[in-house]
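The block underneath contains the structure these notes are about, expressed in structure tokens.
In what follows, every chain begins at residue 1, and chains take the letters A, B, ... in the order their sequences are listed.
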There are 2 protein chains.
Amino acid sequence: MNAELITIGDELLIGQTVDTNGSWIGEQLNLLGIKVTQISSIRDDREHIISSLNVALNRSDLVILTGGLGPTNDDITKTTLCEFFESQLVLNKQVLQKIETYFKSRGLKMLKVNSDQAMLPNNCETLRNDRGTACGMWFKKNGVDFISLPGVPYEMKGIFLEEILPKLKTQYLTSNVVNKTIKTQGIGESFLAEIIKDWETELVSSGLKLAYLPSPGIVKLRITGFGNNENELAKKIDGFINQLKSLIPNYIFGYEKDRLEEVVGELLKRSGSSLSLAESCTGGNIAHLITAISGSSAYYKGSVVAYSNEIKEQLLNVSPNLIKNNGAVSKEVVEQMAIGVKNAFNTDYAIATSGIAGPSGGTKQKPVGTVWIAVANKENVISKKFSLGNNRERNILISSLSALNMLRLMLLN
Amino acid sequence: MNAELITIGDELLIGQTVDTNGSWIGEQLNLLGIKVTQISSIRDDREHIISSLNVALNRSDLVILTGGLGPTNDDITKTTLCEFFESQLVLNKQVLQKIETYFKSRGLKMLKVNSDQAMLPNNCETLRNDRGTACGMWFKKNGVDFISLPGVPYEMKGIFLEEILPKLKTQYLTSNVVNKTIKTQGIGESFLAEIIKDWETELVSSGLKLAYLPSPGIVKLRITGFGNNENELAKKIDGFINQLKSLIPNYIFGYEKDRLEEVVGELLKRSGSSLSLAESCTGGNIAHLITAISGSSAYYKGSVVAYSNEIKEQLLNVSPNLIKNNGAVSKEVVEQMAIGVKNAFNTDYAIATSGIAGPSGGTKQKPVGTVWIAVANKENVISKKFSLGNNRERNILISSLSALNMLRLMLLN
């Protein structure tokens, strides 16, 4: 069972856009135990698309294409597929209606190029797109499945998860694959590997697989097992996860698709508590992470992003002397910021950050990457210093995640 | 003159690593006018590597491979290349010495797998790697150039820029290519296409190419021209860009790698103005975008993220009656939020947002996706209503970009 992916678009070949669709679909198929042998990025070019389809037809069982389904002239995937599969374009009234509704609900005028997206091949299965106007299409030729999806990642992922994944599961799965992901914050990959070394050896010798998936601030561990009995596999993996919990209790914040900001939100909701933030170096990113979660208004009241010292003094009640004597990036100031915002917003919990995100602005005593984070509740304020690197984006992200994990631990204790 | 790229590594096919090497090399070659027709990501698999090399041999003039040159067992690219090019591995003493020095300077013990990296094919040109232990290799077969590079991006880029780029320039450059990218905010792809239809027709019939590159809230237009005289080409493209400016003056915010938050920051810096934000539905994302730019503390003072009505009243001085009579998502309230934060933070400009980001929380009168945005300066406050979709992440992003563009237009007028 071999799959291959073809991502279409000139922008992928000239370095304007990095192809993330191939990687994302690759992961989804891998989790199902379907082997992806090749990801080809090719141009919006009729001949090249057709020759790639022919190659795929002769060596793969499943071919997924993305891109080139938009309404503009450079989008030629649909007409090229019609040629390859000898299709006629016919009007799909249901799809036309959906496109009309889509434009009406947004108060937008519909153009001919938009309604043309309801013209679809007569010999494919149409895949609903609830996020845009280009449908997915599922063709079959010589026993090979060909699926064409729009290139916009958000639309592509929606169609994949809702329309394709359930069908692939029933159609392709022979042996079962069970994947479980454990998510950690606050420990680097090599330190983690050192701590869980013996556990890992035992896991691997029991026939399971372990992958380390590091990203800034977070290391995911994925355990994979193949076998006939899904329940048994899951139970075996859960046993290893329970052992892991006792090895690294403070670092594990969640599983699977859990996001740290979501886990923290759940803890706040469950305890009926409220949260406010005073962000300096993280510049609104913690607020952004928290409010990305739907329903966060139940526990999150608001923030002050205090980029200037004036604001720290006026809105957060930090004394000018405290800043003068200790500097804005200090234990004293960040703790006062947390207490100040908690009082001003009248919340149960508060987070504050102050640091030098970089790449410039460091001193010998406080180099770029120095970050102080405080969390406060009604009784306590706890603060911690972090020494990060020179990369601004990374420093903001890691500080945000570290702050959320500090709050999580405070909520649990 | 066709080039193709082959990136090798299991991690690329299972979603563990997004292939950024292909995109980066694609951009470099494109800038030289070398057309990249395909980027293939394939597994560390002998047969698949050889069949990919055979395909490339028959259709391309230049083939660049990355990955699989490391010292571990799963790195099989070098031995597979030896098979394909019928090479013998011989010890390269110079390279061995470099590897020994590399290990000595880091105080590391050298293993056999490390010294084996000095065993190199006898029929290729060796390409220096000053950042690691795996050399690049340049083979020739049937007039086709094959270049193999390590997969670590930092090593690959070093070898490419230092060893390959100069040779490609002298060896390959015949015609020039010029790319220019125009970035727009505030108009959808199909509306844009409708407005610039005649301009596009003229551009295409003059021999240039146009591509639409949409992402949430932003549509990029890329004009490409091939020809002998680079200056003439650039002048011709600039002529079209000038025409475009007069067609869509308010939508174009920048060119090439410009980011909207950076453009707005430059305008603020140039006019010596300061900015504060009152964010409700965007939840800190505008602050996050602005503070992602290094040096933003020169113009950005801070924000209030006012998620609850209390905070809108207490910190932004919005009257409770205004909220009661109009709702928090209204022209009246968002304008008062902008004025309130501008006064509280004593800034020259302010942005405020209030809306229903979704996916829930909508009403019949104010469905999910209803967003009010205001921008204020010392004399004026301007507000605008947006009707977006159901996706929370998208609504937050599009609202943030729309707000920044409203501020940009206010700064220009």
Side-chain angles (χ1 to χ4, degrees), chain A residues 10-20 22-24 26-27 30 36-43 48 70-72 74 106-108 111 113-114 131 152 154 211 213 283-285 287-288 290-292 294 297 300-308 310-311 315 345 358-360 392-393 396, chain B residues 12-20 22-24 26-28 30 36-43 48 179 188-190 193-194 211-214 222 283-288 290-292 294 297 300-308 310-311 315 345 358-360 387 389 391-394 396:
Chain A
D10 286 359
E11 68 279 10
L12 304 173
L13 282 304
I14 67 161
Q16 197 137 9
T17 305
V18 171
D19 174 32
T20 56
S23 172
W24 188 87
E27 181 171 20
N30 181 56
V36 176
T37 56
Q38 179 157 339
I39 303 173
S40 309
S41 298
I42 61 174
R43 292 188 172 253
H48 201 123
T72 52
D74 55 336
R106 279 161 186 74
L108 299 170
L111 306 170
V113 287
N114 302 121
R131 291 156 191 83
V152 180
Y154 142 86
L213 309 166
N285 191 46
H288 171 54
I290 287 175
T291 59
S294 171
S297 59
Y300 172 65
K301 278 204 179 175
S303 306
V304 171
V305 182
Y307 232 51
S308 74
E310 280 165 80
I311 305 300
L315 277 91
F345 284 56
S360 61
R392 185 179 184 86
E393 191 187 338
I396 292 173
Chain B
L12 305 172
L13 283 303
I14 65 166
Q16 195 144 3
T17 305
V18 171
D19 174 32
T20 56
S23 173
W24 188 87
E27 183 170 20
Q28 297 299 317
N30 183 57
V36 177
T37 56
Q38 179 156 339
I39 302 172
S40 310
S41 298
I42 61 174
R43 291 189 173 252
H48 202 124
N179 288 285
E189 185 183 6
S190 43
E194 184 66 23
Y212 291 77
L213 309 167
R222 191 187 58 229
N285 190 46
I286 305 179
H288 172 53
I290 286 175
T291 58
S294 171
S297 59
Y300 172 65
K301 277 203 180 176
S303 306
V304 170
V305 182
Y307 232 52
S308 74
E310 280 165 81
I311 305 299
L315 277 90
F345 284 55
S360 61
S387 299
N391 182 282
R392 185 177 185 85
E393 189 187 340
R394 237 178 119 85
I396 291 173

### Query
In terms of heavy-atom pairs under 4.5 Å with chain A, which of B:Thr20, B:Leu213, B:Thr17 leads?
B:Leu213
### Region of A:Leu111 that comes under 4.5 Å of a non-hydrogen atom in chain B
side chain
### Query
Which value, rounded to the nearest 0.5 Å, describes the distance between A:Asp74 atom CG and B:Tyr212 atom OH?
8.0 Å
### Task
Please state whether the side chain, the backbone, both or neither of A:Gln16 comes within less than 4.5 Å of a heavy atom of chain B.
both
### Message
Looking only at heavy atoms and a cut-off of under 4.5 Å, which of A:Ser297, A:Gly22, A:Ala211 has the most pairs with chain B?
### Response
A:Ser297
### Task
Can you tell which part of A:Val113 gets under 4.5 Å to a heavy atom of chain B, answering side chain, backbone, both or neither?
side chain
### Summary
Most contact-rich option vs chain B, by heavy-atom pairs under 4.5 angstrom, among A:Lys301, A:Arg131, A:Glu27, is A:Lys301
### Task
Heavy-atom distances under 4.5 Å only: say whether A:Pro359 touches chain B with side chain, backbone, both or neither.
both
#### Entry: Closest non-hydrogen atom pair between A:Ala292 and B:Ile396, with its separation
CA-CD1, 4.4 Å
### Part of A:Arg43 within contact of chain B (heavy atom distance under 4.5 Å)
both
#### Entry: Spacing of OH belonging to B:Tyr300 relative to OH belonging to A:Tyr307, to within rounding of 0.5 Å
8.0 Å
### Query
For the atom pair CG (A:Leu12) and CD (B:Gln38), what is the distance rounded to the nearest 0.5 Å?
11.5 Å
### Message
As an exercise: rank A:Asn114, A:Ile290, A:Val152 by heavy-atom pairs under 4.5 Å with chain B and give me the winner.
### Response
A:Asn114
### Task
Could you look at A:Asp19 and say if it's the side chain, the backbone, both or neither that has a heavy atom under 4.5 Å from chain B?
backbone
### Task
Measure the spacing between CD1 of A:Ile14 and CZ of B:Arg222 and express it to the nearest 0.5 Å.
3.0 Å
